[in-house]
Amino acid sequence: MKQLNSVSQLNFGFAPTPFGECAIVFSEDGVSALVFHENRNAAITDLKNRFYDIELQENNAKAELLCKQIFDEKAKTKLCVRGTEFQMNVWNALCEIPVGSTATYAQIAQKVGKPKAVRAVGTAIGANPVAWLIPCHRVLRTDGSLGGYRWGLELKVKMLEREKKI
DNA sequence: AGGACAACGGTCT
DNA sequence: AGACCGTTGTCCT
């Protein structure tokens, strides 16, 4: 996955998904954010926070096309995100969890070469900017319980169930 | 099965 | 420097 470096402008828009409406931020280089929200204002606040230094241009038509591609087809979507080196490592590790299976926070910590940084892995996963595409929902606690989810545990469960069927 | 708790490491203020 | 966290292992009841 690519690192988003200094750009002045990105596209964003709202679009329907099987899990409710999402807000998505994107460019030629790939998806920079995909978030769920209670209402559009909350989404905008969230995104302005993440991209405080970048101008966001609304383009819902493009956003809908992109989401169709993401959730209908199984084509791989390019990613272009911003994060610390540690976070990038963690997110890359998440992308290696196969569809339909799960991993634990401890396993991810192991994978990024910092077996004791479990707690930090948790926060890094929580900072994931791109729901679904970076499959942070596939990470559970070591004891098998759900752990947390930034956009609500209910959504985490829905995503896991949908993947089970594929 | 479930609660309390210390230790852990990255990130934010 | 201190606090916050999508955790974990251990030690309880």
Side-chain angles (χ1 to χ4, degrees), chain A residues 1-7 10 12 14-15 17-26 30-56 67 70-71 77 79-166:
Chain A
M1 98 176 61
K2 251 204 287 190
Q3 166 91 283
L4 174 66
N5 32 18
S6 52
V7 296
L10 292 169
F12 94 100
F14 297 98
T17 79
F19 309 106
E21 187 180 75
C22 77
I24 185 167
V25 176
F26 57 99
V31 175
S32 299
L34 197 170
V35 302
F36 294 90
H37 50 85
E38 296 291 324
N39 57 66
R40 292 188 170 194
N41 278 341
I44 289 175
T45 320
D46 180 14
L47 293 178
K48 291 220 158 158
N49 222 354
R50 289 179 190 273
F51 303 104
Y52 62 96
D53 55 340
I54 300 177
E55 183 193 343
L56 298 177
C67 276
I70 290 172
F71 290 95
T77 312
L79 296 174
C80 186
V81 296
R82 186 154 57 174
T84 65
E85 194 183 347
F86 180 73
Q87 288 169 335
M88 296 292 272
N89 287 338
V90 169
W91 299 338
N92 271 313
L94 297 189
C95 291
E96 288 172 26
I97 310 172
V99 179
S101 68
T102 60
T104 68
Y105 296 95
Q107 285 167 359
I108 300 298
Q110 189 83 31
K111 191 150 218 165
V112 298
K114 311 216 167 184
K116 284 193 267 189
V118 245
R119 204 63 169 57
V121 162
T123 31
I125 293 178
N128 169 28
V130 188
W132 182 252
L133 291 176
I134 299 179
C136 58
H137 57 279
R138 303 210 269 255
V139 187
L140 309 178
R141 293 214 185 109
T142 300
D143 64 5
S145 60
L146 268 180
Y149 194 64
R150 182 139 191 289
W151 295 287
L153 281 183
E154 197 184 317
L155 192 51
K156 186 170 187 171
V157 173
K158 268 193 205 164
M159 289 185 167
L160 290 170
E161 291 197 337
R162 174 178 153 120
E163 290 188 329
K164 224 182 279 176
K165 289 174 199 151
I166 297 178

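Letters A, B, ... mirror the listed sequences (proteins, then strands); counts begin at 1.
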Subject >> Residue met sooner reading DNA chain B from 5', once A:Ala124 and A:Val118 are mapped to nucleotides >> reply: A:Val118

**OP:** Give a yes or no on whether a donor-acceptor pair under 3.5 Å exists between the nucleobase atoms of C:dG6, that is its base, and the side chain of A:Tyr105.
**Re:** yes

**OP:** Please name the residue in the list A:Val130, A:Ile70, A:Leu34 that meets the side chain to side chain contact (heavy atoms under 4.5 Å, CB included) test with A:Thr77.
**Re:** A:Ile70

**OP:** Please confirm whether A:Phe19 and A:Trp132 have ring centers closer than 6.0 angstrom.
**Re:** yes

Original post:
Where the side chain of A:Phe86 is defined as all heavy atoms beyond and including C-beta, which of C:dG6, C:dT8, B:dG10 is the nearest nucleotide?
Top reply: B:dG10

**OP:** Tell me what A:Ala120 touches on the nucleic acid: a base, only sugar-phosphate, or nothing, going by heavy atoms under 4.0 Å.
**Re:** base

Original post:
Would a 4.5 Å heavy-atom cut-off, applied to side chains only, mark A:Leu10 and A:Leu4 as touching?
Top reply: yes

**OP:** Describe the nucleic acid contact of A:Lys114 in one word from base, sugar-phosphate, nothing, applying a heavy-atom distance below 4.0 Å.
**Re:** sugar-phosphate

**OP:** Round to a whole Å and report the spacing from CZ of A:Arg141 to C1' of C:dT10.
**Re:** 16 Å

Subject >> Neighbour count >12 (heavy atoms, 6.0 Å) for atom CD, A:Glu55 >> reply: yes

Original post:
What integer distance in Å separates A:Ile125:CD1 from C:dC4:P?
Top reply: 22 Å

**OP:** Looking at every strand, decide which applies to A:Arg119 at a 4.0 Å heavy-atom threshold: base, sugar-phosphate, or nothing.
**Re:** base

**OP:** Show the numbers, then the answer: is there a side-chain contact (heavy atoms from CB on, under 4.5 Å) between A:Arg82 and A:Gln87?
**Re:** CA-CA 9 Å; A:Arg82 186 154 57 174; A:Gln87 288 169 335; over 6 Å; no

Original post:
Between A:Asn128 (CG) and C:dC5 (P), how many Å, whole number?
Top reply: 18 Å

Original post:
Dot-bracket, DNA chain C: Watson-Crick or G-U, under 3.5 angstrom, [ ] crossing, | other strand?
Top reply: |||||.|||||||

Original post:
C:dG6 P sits how many Å from A:Trp91 CH2, rounded?
Top reply: 14 Å

Original post:
When the distance from CG of A:Leu146 to P of C:dT8 is rounded to whole Å, what number comes out?
Top reply: 12 Å

**OP:** State which of C:dG6, B:dT11, C:dT8 makes the closest approach to the side chain of A:Gln87.
**Re:** B:dT11

Original post:
Can you check the A:Met88 CE to B:dT11 P distance for me, whole Å?
Top reply: 12 Å

**OP:** Provide, to the nearest angstrom, the distance between the CD atom belonging to A:Gln110 and the P atom belonging to C:dT7.
**Re:** 18 Å

**OP:** State whether A:Thr84 places a side-chain N or O below 4.0 Å from either non-bridging phosphate oxygen (OP1 or OP2) of B:dT11.
**Re:** yes

Original post:
Does a side-chain heavy-atom distance below 4.5 Å link A:Leu94 with A:Arg138?
Top reply: no

Subject >> Minimum-distance nucleotide (side-chain atoms of A:Cys136 versus B:dC8, C:dG6, B:dT11) >> reply: C:dG6

**OP:** Find the distance between CD1 (A:Ile97) and SG (A:Cys136) and round it off to the nearest 0.5 Å.
**Re:** 9.5 Å

Original post:
Which part of the nucleic acid, if any, lies within reach of A:Thr123 when heavy atoms closer than 4.0 Å are counted: base, sugar-phosphate only, or nothing?
Top reply: base

**OP:** Let me know the distance between NZ of A:Lys111 and P of C:dT7, rounded to the nearest Å.
**Re:** 20 Å

Subject >> Flag side-chain contact, heavy atom, 4.5 Å: A:Arg150 against A:Ile125 >> reply: no

